[in-house]
Every structure is written in C-alpha cells, then in structure tokens.
Amino acid sequence: MQYYCNPINVNYRYQFNMDPRKGKLEIDREAADPSMICFKGKYYIFASMNLSVWVSEDLVNWEVHRLPENLPLYDYAPDARVCGDYVYFCASKKMEVCNYYRTKDIINGPYEEIPGTFDFWDPNLFFDEDGRIYFYWGCSNTTPIWGVELEPETMKPKTEPIELLSGNPYERGYERFGEDNSLFPSTEEQIEMMYQGFLKQSGVPESQIPPQLVPMVKGMFTNKPFIEGPWMDKYNGKYYLQYACPGAQFNVYADGVYISESPLGPFTLAKNNPYSYSPGGFMPGAGHGSTMWDKHGNLWHTSTMRISVNQQFERRVGIWPAGFDKDGELFCNQRYGDWPRAVETDEMNPWENPKWYLLSFGKPVRASSFVEGKLPSLATEENAQNWWQAASNEPGQWLEVDLEKAMDVRAIQINFADDKMDIQAPGEIKGTMTQPRYIDEYDRVTRWILEGSLDGESYFSIEDKSQADTDLPHDLVIREDGLQVRFIKLTILEVPYAQAPCISGLRVFGIGDGEKPAVPSFEASRSEDELDLFVSIKGEQAVGYNVLWGHEPEKLYHSYLVFYKRENKYSKERIEKRIGALVKGQNYYVRVDAFNENGITEGVVIPL
C-alpha cells in the first residue's frame with residue numbers, strides 16, 4: 001500500500017520577496033494555487049512560484065521537472081487543463097495581456113504560444129463536451145468572478161465578460177475575513193483612515209501611486225473577502241463553479257461551489273458550502289485549488305495550505321479525497337486532513353477514517369540546543385506556525401521525542417521550518433510590479449538521520465538521508481508493518497543556506513494499545529446572525545475532538561479538528577469552540593468525535 005501525508009512531499013522552492021509595501025526582503029518557501037490534471041496516465045501538479053511541474057504515477061511519489069523558460073513562470077495561479085492530445089496552460093498577470101500555451105509533452109515541450117487579448121488573474125479554462133471553450137477568472141475583494149466563452153480556433157472572447165458570483169460575508173459566514181472567519185468588512189471611514197495611515201508610514205505620496213493600483217492598496221484595509229481561484233467541473237450535466245475565499249493567509253482559506261445548468265450561469269449556491277474547508281490541525285487551509293478524477297475513477301481535490309509566518313504567502317499544497325454524493329453534491333473529506341492516508345489502486349471509500357493515529361502530540365522533547373522562545377516542545381504542539389530552532393548551525397544538531405513507552409509506530413513526518421532568514425537573494429529580483437521576487441533556481445539539499453531506541457541508550461537506524469540529493473521540507477517515513485520504538489531522534493546534517501535548523505513538527509503516527517476515548521458529551525448553539533456555531537465539549541481520555549457539521553444528518557461534510565492544550569490532554573476539562581462558517585438560512589446537524597493515540601470514537605448527531 002502507498003501512503004501520503006499532507007502537505008505533500010515535494011521540494012517547495014525558496015522565494016526572495018521584495019514586498020513594495022514593506023521595502024524589505026522576505027524569504028520563505030512557497031507553492032500554492034495547484035492545478036492538478038491526469039494526462040496520458042500520469043498526474044501533474046502546476047503550482048504557483050515553483051518554476052516546475054510535479055509529476056507522479058500514484059499521487060504519492062512526486063518528481064520535480066523544470067518547465068521551459070518561455071512559460072510565464074513568475075506569474076501566479078498557473079492553470080492547466082487537458083483537451084484531447086493537448087494540455088493548455090496560462091497564468092496571471094495584472095495590467096498586462098496574458099497569453100495561452102499548449103503542448104503535447106508537458107515536460108519537454110515545445111509549448112505553442114496562443115496570443116491573448118486581455119489581462120486576468122486566477123484563470124481557469126474549461127473545455128465542454130460539445131467542443132465549446134469557456135474561461136473563468138477573478139481574484140479581488142472588490143470585483144466578482146467573471147466568465148466568457150472563447151473562440152476555439154483563436155482563444156479570443158466570443159462574448160462580453162459575464163459576472164458570475166460575488167462574495168457576501170453577511171450571508172455566508174465562511175466568506176468572512178480573519179482567523180476563524182472573525183471579521184466583518186470595515187466601514188468606508190475606517191478604510192480611508194487606514195489608507196492614510198499606510199501612506200504616512202510608508203512615506204509614499206499618494207500622487208506616486210498609479211491610479212489603477214489605488215483600489216488594490218485600499219483593498220488591504222477593507223476586510224472584505226477575496227473571491228478568487230475559479231475552477232469548473234461538469235458532472236451529470238451540471239456545471240460546478242468552484243471558488244476560493246476569504247484570504248490565503250488565514251486558517252479558514254476555503255473553496256466554495258455554485259451549480260448551474262449552463263457554463264455561464266445563472267449559478268446557485270450549493271447546499272454543501274464550503275465544500276473544502278480545513279481550519280484545524282497541524283497545517284490548516286484548503287483553498288484555491290482544483291478537482292481531478294484519477295485513473296481508477298476516484299475524485300481528488302488539491303488546494304493551498306497556510307503557514308504565513310515568514311511571509312504572507314508562505315504556503316504549501318495538500319490533496320484530499322473528494323466526490324459527488326447521490327444528490328450530486330460536491331464534497332471533500334478533510335476530517336483528519338494532515339494525517340497519513342492510503343492511496344488505493346481501485347475504487348476508494350473517500351470517508352474512511354485513518355488507520356494510524358497521532359502518537360506524538362504533547363510528548364516530551366529534548367534537543368541538542370535551542371534558541372530562546374523556540375523550545376523543543378514546539379515540535380509536538382501540532383502547529384506549523386511555531387517551531388524548535390537550534391542555537392547553532394553546526395551539523396549534528398538533534399531533536400528527540402519521547403513517546404513515554406514503546407509504541408507501534410507506522411509513520412513519521414519530519415517538517416522543517418525557516419526562521420527570519422537574513423541572506424541576500426542569490427539571483428536577480430524579477431516578477432511583476434506588485435509581486436517582485438527571485439525564485440531560487442538551485443537544487444538545494446536537506447540531509448538528516450532518523451534513529452530509534454527503546455531505552456534512550458541503544459539506538460538503531462530508522463532512515464538515513466545523510467547522502468540525499470533532495471530538499472524535502474515535509475518528508476515522510478513509512479513503516480507499514482510497524483516499528484516498536486519509544487525514543488525517536490532526528491539528527492540534522494544539512495539544510496539550505498546553512499541556517500540553524502528548525503522543526504515545526506516531528507509528527508509520529510501509529511497504533512496505541514490502550515482504550516479509545518469515551519463518547520464525548522457536547523452542547524451546540526447558533527449565533528443570532530446564524531453565521532456562527534458554538535460548541536462546548538466534555539469528554540474523557542481524549543487528545544482532541546473533531547467537530548463535524550452538515551445540512552443533513554448523513555451529510556456531515558464539514559469538520560474542525562481541535563486539540564487540548566498539551567498539559568490538559570486526557571483531562572475532563574471542557575473545550576469551547578466557535579466555528580464561523582455557517583450559511584444564513586441553512587439548517588445544520590452537528591456531531592463531535594473524540595480521538596487519542598488508540599483510535600477514534602464517533603459521537604451522536606444532534607440538530608443545531
């Protein structure tokens with residue numbers, strides 16, 4: 001059996017961002033806005049700012065291949081769609097005409113250029129069964145998602161752009177800005193005050209800001225949701241227009257969906273929204289992506305996951321099982337969305353629970369050294385925004401997790417992080433006026449040794465990557481038959497740019513030999529504006545809970561994974577949680593499941 005664990009295990013390239021709003025270099029890894037396609041028996045992911053395409057035969061093992069230089073590799077949100085023997089490609093650029101490209105060979109090319117006629121951001125081509133071509137685009141908190149039909153021969157618009165959908169955070173809670181969908185839009189007075197404050201702080205006279213960019217700058221202060229990243233699919237004669245919201249830097253970055261009988265609408269909001277939503281866990285976020293049928297007839301959804309510490313767009317890519325239910329509703333299973341998952345070679349059950357459970361949460365950790373505030377314990381907190389950092393960049397820095405007893409370990413995910421890197425860009429800053437950057441073109445390496453022990457004195461090798469020629473910041477080690485081990489020690493030999501190593505998660509999964517948690521008791525209520533769900537949970541022997549909700553008792557398609565604080569795990573203390581993703585006027589049902597290192601206990605369903 002093959003297994004993967006989100007974020008997917010690929011080389012995420014370093015970005016040297018010269019943000020014009022901040023006037024300083026910000027360095028991070030990034031990949032986002034993935035377009036995933038199946039073409040000639042292989043899977044391909046095109047992601048923003050990676051200069052490359054990721055290629056796989058099984059959705060587990062990915063190879064990185066550089067793309068030809070004539071493609072717009074510094075443009076965001078690359079779109080790839082299959083039409084017959086061709087793959088069509090395009091990407092985003094404001095205030096410049098964007099071209100289309102097509103090829104019969106993704107890796108080697110050549111790519112034929114098809115001249116475009118207008119600029120766009122977050123594009124998506126859709127080839128209908130009748131031979132007609134449609135194009136969708138939009139990425140703004142002031143303008144909608146647009147659609148147009150294109151001439152098949154010239155790729156020029158046949159019609160005027162049509163407004164297809166816009167945001168409304170007063171009706172759809174999941175479109176609200178902020179962590180946990182916590183912010184309503186600002187007033188015009190507030191926006192103007194913050195805009196003037198920005199001008200004063202930056203020292204830039206308003207006269208020096210191009211008029212066409214003023215709405216974009218003011219948009220930073222509106223707290224209005226970005227409605228972006230369209231992707232179209234057709235199923236049983238209906239058109240499913242997917243879109244992302246409210247902002248890539250938030251844990252609630254999500255994908256919603258509208259349905260229509262026609263590719264250009266009118267569109268109706270689907271009952272199941274947002275259909276892709278993963279606000280909890282180690283690395284949250286599941287917005288701006290694509291949906292793809294695999295070679296075995298299974299549906300998968302890929303989207304963007306959030307870190308956003310070193311830079312606003314510090315992001316990764318995840319993949320989750322998806323599908324259409326008997327009523328034609330699009331769903332995506334993200335209940336334990338960053339735990340290891342098996343990939344079947346035939347028809348899969350998209351709602352199957354994990355077989356391996358998190359063993360490392362809150363467990364004791366020690367290290368060779370650490371920087372003040374970057375403690376070893378942060379590596380088992382299940383939070384990708386915090387990390388242990390060694391006090392030295394000398395090879396041989398180490399981190400060790402104590403599982404407190406010998407356990408049956410099946411998977412270990414090693415998550416490297418970066419911390420305020422202070423180096424010069426190794427190449428020329430390129431890109432657009434609003435997104436100047438240099439994308440690292442060099443193939444770096446990350447090298448380490450992973451060892452295990454039963455007593456903390458005698459160690460054996462689990463995995464040796466001391467000679468690796470890869471740079472995998474979210475590497476995954478699988479031991480499907482199980483490994484009896486108590487102490488797991490990671491020794492780091494080399495990381496890019498000779499930085500002091502950082503680990504945000506030394507995550508261990510397996511099967512405990514104790515009792516599963518009790519069925520949790522909980523209370524659920526709804527806010528007066530109908531947009532918030534409030535849950536109060538009490539249980540026993542739990543590490544955390546998964547709050548599930550949906551518009552029918554059998555359709556609990558949404559989830560939020562919450563943990564106790566490490567010092568309170570297994571306790572009987574209550575967890576209070578607000579979830580801000582409801583749709584006004586929609587009825588809901590709620591269930592709370594409990595989990596620990598021994599398994600998952602499903603709760604009871606109640607109406608909200």
Legend entry - Derivation and outcome, side chain to side chain contact (heavy atoms under 4.5 Å, CB included), residues Y74 and L51: CA-CA 8 Å; Y74 272 73; L51 308 178; 4.0 Å; yes

Inset, instruction - Start with the C-alpha gap between L608 and W549, add the side-chain angles, then the distance that decides, and say whether side chain to side chain contact (heavy atoms under 4.5 Å, CB included) holds. - result: CA-CA 9 Å; L608 181 60; W549 70 98; over 6 Å; no

Could you check whether any side-chain heavy atom of [X] comes within less than 4.5 Å of a side-chain heavy atom of [Y], counting everything from C-beta outward?
X: D255; Y: Y275; result: yes
X: H301; Y: L330; result: no
X: Y560; Y: V592; result: no
X: P350; Y: F331; result: yes
X: T345; Y: Q2; result: no
X: N415; Y: F282; result: yes
X: I307; Y: D28; result: no
X: N251; Y: D180; result: yes

Side-chain donor/acceptor of [X] to backbone N/O of [Y], under 3.5 Å:
X: S276; Y: A286; answer: yes
X: R176; Y: L183; answer: no
X: N141; Y: G219; answer: yes
X: Q413; Y: N6; answer: yes
X: N546; Y: R335; answer: yes
X: E530; Y: G585; answer: yes
X: T304; Y: H288; answer: yes
X: N333; Y: P321; answer: no
X: E151; Y: E153; answer: no
X: T302; Y: G289; answer: no

Legend entry - Short side-chain donor-acceptor distance under 3.5 Å, H558 and N272: yes

Inset, instruction - Check the pair K326 / E554 against salt bridge (charged side-chain N to carboxylate O under 4.0 Å, His left out), numbers first and verdict last. - result: CA-CA 12 Å; K326 60 182 176 59; E554 300 81 22; over 6 Å; no

Legend entry - R341 NZ/CZ over Y4 ring centroid, <6.0 Å and within 45° of normal: no

Legend entry - Ring-face cation of R316 near Y12 (centre distance under 6.0 Å, axis angle within 45°): yes

Legend entry - Parallel, tilted or perpendicular, as decided by the 30° and 60° cut-offs, for the rings of Y174 and Y243: tilted

Inset, instruction - Return the orientation label for the F120 and F118 ring planes: parallel under 30°, perpendicular over 60°, tilted otherwise. - result: perpendicular

Taking every non-hydrogen atom, the tightest pair across [X] and [Y]:
X: V343; Y: M1; result: O-SD, 3.8 Å
X: P225; Y: F177; result: CA-CD1, 4.1 Å
X: F184; Y: P169; result: CE2-O, 3.8 Å
X: S166; Y: Y258; result: O-OH, 4.1 Å
X: L472; Y: N9; result: CB-OD1, 3.5 Å
X: R172; Y: V583; result: CG-CG1, 4.4 Å

Identify all side-chain donor-acceptor contacts of residues 89-107 below 3.5 Å with residues at least two apart in sequence or on another chain.
residue: S92; atom: OG; partner: Y76; partner atom: O; Å: 2.9
residue: S92; atom: OG; partner: D122; partner atom: N; Å: 2.8
residue: N99; atom: OD1; partner: G116; partner atom: N; Å: 2.9
residue: N99; atom: ND2; partner: E113; partner atom: OE2; Å: 3.1
residue: R102; atom: NE; partner: E112; partner atom: OE1; Å: 2.8
residue: R102; atom: NH1; partner: Y88; partner atom: OH; Å: 2.9
residue: R102; atom: NH2; partner: E112; partner atom: OE1; Å: 3.4
residue: T103; atom: OG1; partner: D105; partner atom: N; Å: 3.0
residue: T103; atom: OG1; partner: D105; partner atom: O; Å: 3.0
residue: T103; atom: OG1; partner: P110; partner atom: O; Å: 2.8
residue: D105; atom: OD1; partner: I107; partner atom: N; Å: 3.3
residue: D105; atom: OD1; partner: N108; partner atom: N; Å: 3.1
residue: D105; atom: OD2; partner: N108; partner atom: ND2; Å: 3.2

Taking [X] first and then [Y], would you say they form a salt bridge - that is, a charged N and a carboxylate O separated by under 4.0 Å?
X: K355; Y: E480; answer: no
X: K42; Y: E63; answer: no
X: K430; Y: E69; answer: no
X: E329; Y: K271; answer: no

Legend entry - side-chain contact (heavy atoms from CB on, under 4.5 Å) partner of W231, chosen from N124, V257, L241: N124

Rounded to the nearest 0.5 Å, how far does [atom2] of [Y] lie from [atom1] of [X]?
X: T291; Y: W320; atom1: OG1; atom2: CH2; result: 11.0 Å
X: Y134; Y: T159; atom1: OH; atom2: OG1; result: 9.0 Å
X: K555; Y: L548; atom1: NZ; atom2: CG; result: 16.0 Å
X: Q15; Y: N50; atom1: CD; atom2: CG; result: 6.5 Å
X: Y43; Y: L59; atom1: OH; atom2: CG; result: 5.0 Å
X: E261; Y: Y239; atom1: CD; atom2: OH; result: 9.5 Å

Inset, instruction - With sequence neighbours left out, write down each residue that passes side chain to side chain donor-acceptor pair (under 3.5 Å) with H296, or none if nothing qualifies. - result: none

Inset, instruction - Could you tell me whether K234 atom NZ has more than 12 heavy atoms of other residues or ligands within 6.0 Å of it? - result: yes

Inset, instruction - For K238, look at atom NZ and say whether over 12 heavy atoms of other residues, nucleotides or ligands are found less than 6.0 Å away. - result: no

Inset, instruction - Would you confirm whether the ring centroid of Y557 sits within less than 6.0 angstrom of the ring centroid of W351? - result: yes

Legend entry - Ring-ring centroid check W121 F226, cutoff 6.0 Å: no

Inset, instruction - Sort out for me which residue in D471, D443, D440 forms a salt bridge (Lys or Arg N to Asp or Glu O under 4.0 Å) with R13. - result: D443

Inset, instruction - Using the test ring pair (Phe, Tyr, Trp, His ring centres under 6.0 Å), find all partners of Y111 that sit at least two apart in sequence or belong to another chain. - result: none

Legend entry - Test salt bridge (charged side-chain N to carboxylate O under 4.0 Å, His left out) applied to R591 and D593, step by step: CA-CA 7 Å; R591 188 179 93 198; D593 297 346; 2.8 Å; yes

